[in-house]
Amino acid sequence: MIIACNENCIYQEEGVCKLNYATFSSGTPLGTCPYFKEKKKEEKNKDGI
Ligand code: SF4
């Protein structure tokens with residue numbers, strides 16, 4: 001099963017959910033996904049600007 005997702009989630013890759021066991025009976029997972037985990041960006045401004 002392929003789930004299209006554009007959330008900023010650690011399981012999202014190239015617009016597709018890589019969490020294979022994630023299934024959604026209600027259709028779209030966006031906004032209501034129980035598996036959503038925010039992907040943390042490591043690209044912080046070193047100068048604090
Ligand atoms: S776990 Fe949920 S929020 Fe994360 S990529 Fe998959 S469908 Fe999207």
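For ligands, and for the atoms within them, numbers begin at 1 and follow the listed sequence. All residue numbers in this chain count up from 1 along the given sequence. The figures that follow rest on heavy atoms only: side chains count, while hydrogens, waters and symmetry mates do not. These numbers were taken from a predicted model, which means no experiment stands behind them.
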Q. So, is C5 placed with an N/O/S atom under 2.8 Å from atom 8 (Fe) of ligand 1, counting both backbone and side chain?
A. yes
Q: Identify the heavy atoms of E38 and I10 that sit nearest to each other, and give their distance.
A: O-CG2, 3.8 Å
Q) If every non-hydrogen atom of Y35 is compared with every non-hydrogen atom of Y11, which pair is closest and at what distance? A) O-CE1, 3.3 Å
(Q) Tell me whether Q12 contacts the main-chain N or O of E7 through its side chain, where contact means a donor paired with an acceptor under 3.5 Å. (A) yes
**Q.** atom 6 (Fe) of ligand 1 to nearest N/O/S of C33 below 2.8 Å
**A.** no
**Q.** side chain to side chain contact (heavy atoms under 4.5 Å, CB included) evaluation trace for K18 with E13
**A.** CA-CA 7 Å; K18 297 294 183 178; E13 204 170 292; 3.4 Å; yes
Can you sort out which atoms of ligand 1 are near [X], meaning under 4.0 Å from one of its heavy atoms?
X: F36; answer: 3 (S)
X: Q12; answer: 5 (S)
X: C9; answer: 1 (S), 3 (S), 4 (Fe), 5 (S)

**Q.** Linked hydrophobic residues, F36 as query - side chain contacts closer than 4.5 Å
**A.** none
